[in-house]
Novice: 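Before I ask anything, let me first share the structure, which is written out below as structure tokens.
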Amino acid sequence: MLTTYPKEFDVIVVGAGHAGCEAALASARMGHSVLLTTIDADRIAHMSCNPSIGGRAKGHLVKEIDALGGEMAKNIDETGIQFHRLNMSRGPAVWSSRAQADMKLYSQRMKKIIENQSNLRLKQAIVDEILVEDNIVRGIKTSIDEVFLGRTVILTTGTFLKGLIHIGLKHWSGGRISELSSEKLSDCLRKLGFEVGRLKTGTCPRLDERTIDFSSMEPQYGDEPPCPFSFSTEKIEREQMPCYITYTNQKTHDIIRSGFDRSPIFTGIIKSRGVRYCPSIEDKIVKFSGKERHQIFIEPEGINTTEYYPNGLYTSLPIDVQIKMVRSIRGLEKAEIIRPGYGIEFDYADPIQLKPSLETKLIRGLFSAGQINGTTGYEEAAAQGIMAGINAVKYARGESPLILDRSQAYIGVLIDDLVTKGTKEAYRMFTSRAEYRLLLREDSADLRLMPFGHELGLIDDSIYKKYLKKKENIEKTLKRLGEIKLKPNAATNSMLKNIGTSHIKNPVTLRELLKRPEVNIDELYIFGEGLKNLPQNVKDEVSFQMKYEGYIKLQKEQVERFKKFEYLKLPPDIDYYSMIGLSNEVKEKLTNIKPTSLGQAGRISGITPTALIILQIYLKKRKIA
């Protein structure tokens, strides 16, 4: 007998991982009633893989989530145990933040935030069915015949759809090791007409700190002082912990090869694709057979635990092989495995079936975010989650969705890649995926996105005032640097020599002087009052704008050309099969993807320049272009 919950929700979120938490919080903070369901209410925002947030390009996503009013950056600032900025020897466009997390504290704090958020209800349940009427979502049904009605539903199911765990030749159902899987929901998606595929990921064994010889490893310390993720965090005051580096060796590789006959990967038991950019150690030694060793990061999982994570030892080998493999590595000769590494296969829905708002094309009001869309990583999931939460509310209000384009945010790149190209393997964010990355630096995320967050009601006035002050200071400083002009006299040239730059023969503004690579903005206060005590974030932005001014101008011109095609909207009712001159392949792809603009159409694989010209002519005839 069905039991229907008496209250209808504006938004129902299925799954309380990193995507689900951001989706639920965004919707609730926008003033709408939200139900968040999860298989295990004690594992909210659980880190099932590596205990860290951020990294190359992923740090950009975390900063953007924060600028929109999300929680991930604040959560890692409160629970991080080592902070480090990556790529600092390279250009600022690729600088990225990363932090080790105290896994337990990270999950516990997020659960507390969820439980204390107004408009948000939390329920532990396994969702079996999405309720649909006339291709419009109506709610969900759980495994114990509870019905929850909702105007929108967001699926953030992670690895739980028909999750199958592998350790050697042993395998069993599970969303994570020792957790139940969702066995019926993906069948429901298939019945509704969705194309559902299969992906694979994995994790590393966890080691007992008391059995590790850290003295034979290379210690890796974080930055001092630690640099926060959130634009609202003043400073990090938590205790910091070191990580360590060690390496595999030829003995390790021989042991791994000896287990191939019982490896689910090499015996064909696992048939789905793994993560290309985060391969298992088995894959590594086969694909890079000429490499004598592979780097392993030994990372703490928290301050109050003895568990360590050997990042780089992703494996689904039998436990006896895992033990021998681990103990063949320097510093781990006596290491004890607390939890074995494992592989997991799970169902996902090809994201080509989504609109740029993350609403499905088949069912109105049904959204999805995270690994169900074929991505990997906490950050990619959370980025989709906050956008799905925002757009579910906008759908419920009857408003146009918020769509961030590729020139505005890494989030825009991520979602555009997914909905335009789809994926047959786990998608991971890289700086190389962003063609306008010079404009999308992680420290400028507030300048790019905070007005959106404030308008949505996700950024409070106190934080927004800080943003406005920063923006004002940048503008005033740039103006001041342009107003102060140095005369080519002996006194000026002497000061220039003292700061390590060449003399001038003609009058030069401080703005022009700052373009010199060797000139630091901190040295310019001797030429003008008011430049000495500027906030660091203002100095960083001003310096960047001056030193990369030519490149920035060029990229902005590229963005303007990009925007012209993005503004040419393609009506959703176009009959591509009736168009003369398009190949059958092009017609099929355009019909399946239904691009929203000429720009998006041009990014679809296989769409030729000739096809774009035909589309442009079509728009002109309909007086759209």
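Because the structure is predicted, anything quoted here is derived from the model rather than measured. Basis for what follows: all heavy atoms, side chains included, without hydrogens, waters or symmetry-related copies.
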Novice: Would you indicate whether the side-chain heavy atoms of Leu402 and Lys394 approach each other to under 4.5 Å?
Specialist: yes

Novice: Test of understanding: with side chain to side chain contact (heavy atoms under 4.5 Å, CB included), list the residues that count as partners of Ala19, not counting sequence neighbours.
Specialist: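 Side chain to side chain contact (heavy atoms under 4.5 Å, CB included) list for Ala19, sorted by chain: Thr156, Ala369, Ala381.
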
Novice: Just by distance, with hydrogens left out, do Tyr309 and Asn50 show a side-chain donor and acceptor under 3.5 Å apart?
Specialist: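 Looking only at side-chain atoms, Asn50 and Tyr309 do not form any donor-acceptor pair under 3.5 Å.
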
Novice: Among residues two or more places apart or on two chains, list those pairs meeting salt bridge (Lys or Arg N to Asp or Glu O under 4.0 Å) that have a residue in residues 12-35.
Specialist: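 Qualifying pairs: Arg29-Glu71.
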
Novice: Pro595: what forms a side chain to side chain contact (heavy atoms under 4.5 Å, CB included) with it, not counting sequence neighbours?
Specialist: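 Counting only residues at least two positions away or on another chain, Pro595 forms a side chain to side chain contact (heavy atoms under 4.5 Å, CB included) with Leu570, Tyr576, Leu590, Ile593, Gln600, Ala601, Ile604.
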
Novice: Any side-chain donor paired with an acceptor under 3.5 Å for Ser368 and Asn373?
Specialist: yes

Novice: Determine whether the side chains of Asp461 and His454 contain a donor N or O and an acceptor N or O closer than 3.5 Å.
Specialist: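 His454 and Asp461 do have a side-chain donor-acceptor pair below 3.5 Å.
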
Novice: Enumerate the residue pairs fulfilling salt bridge (Lys or Arg N to Asp or Glu O under 4.0 Å) with a member in residues 42-63, sequence neighbours excluded, ordered by first and then second residue.
Specialist: Asp42-Lys111, Arg43-Glu179, Lys58-Glu379, Lys58-Glu380

Novice: Between Gln371 and Thr376, do the side chains contain a donor N or O and an acceptor N or O under 3.5 Å apart?
Specialist: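 Note: Thr376 and Gln371 side chains miss the donor-acceptor criterion.
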
Novice: Do the ring planes of Tyr551 and Tyr548 sit parallel (below 30°), tilted (30 to 60°) or perpendicular (above 60°)?
Specialist: tilted

Novice: According to side chain to side chain donor-acceptor pair (under 3.5 Å), who are the partners of Glu359, at least two apart in sequence or on a separate chain?
Specialist: Lys355

Novice: Run the salt bridge (Lys or Arg N to Asp or Glu O under 4.0 Å) test against Arg603 and tell me which residues pass, sequence neighbours left out.
Specialist: Asp416, Glu566

Novice: Can you confirm whether the side chains of Gln384 and Thr375 place a donor and an acceptor under 3.5 Å from each other?
Specialist: yes

